[in-house]
Amino acid sequence: MVAGTFLTLTGFVYAGDAGGLWDTPWFAVIPLVVAGLCLAGTVGMVTGVIRKRRGRTRPLTGPDV
């Protein structure tokens, strides 16, 4: 979700440039995409650590059990 938000923001920035609302330099996409991917990776790692520390909070239910 975090990476998708940043990629959507990048698309919005370039859509504004294509529509003539503002001028976006060609290299503006690099920091947006890299920051989004780094933030998404950090969120994933933190979420994994929190889940390991808390243990399983819900019992497994459903057709696979």
Side-chain angles (χ1 to χ4, degrees):
M1 181 162 162
V2 175
T5 302
F6 273 83
L7 292 175
T8 302
L9 175 64
T10 303
F12 177 75
V13 167
Y14 274 113
D17 183 33
L21 297 175
W22 54 76
D23 187 31
T24 304
W26 65 268
F27 54 83
V29 71
I30 296 168
L32 285 173
V33 171
V34 170
L37 292 175
C38 288
L39 186 60
T42 303
V43 168
M45 287 188 329
V46 169
T47 301
V49 168
I50 290 172
R51 285 185 180 176
K52 283 182 184 178
R53 291 186 113 186
R54 292 178 71 186
R56 189 172 299 278
T57 58
R58 293 183 282 159
L60 291 175
T61 59
D64 295 335
V65 177

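Keep in mind it's a predicted model, so treat the numbers as computed, not measured.
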Leu9 with Ile30, same ILVMFWY side-chain cluster at under 4.5 Å: no

Single-linkage hydrophobic cluster Val34~Leu7, side-chain heavy atoms < 4.5 angstrom: yes

Identify all side-chain donor-acceptor contacts of residues 38-49 below 3.5 Å with residues at least two apart in sequence or on another chain.
from: Thr42; atom 1: OG1; to: Cys38; atom 2: O; distance (Å): 2.9
from: Thr47; atom 1: OG1; to: Val43; atom 2: O; distance (Å): 2.8

Qualifying ring pair (Phe, Tyr, Trp, His ring centres under 6.0 Å) pairs, either residue in residues 20-44, two or more places apart: Phe12-Trp22

Shortest non-hydrogen separation from Phe6 to Gly36 and the atoms involved: CG-CA, 3.4 Å

Nearest heavy atoms of Thr10 and Val33, plus distance in Å: OG1-CG2, 4.1 Å

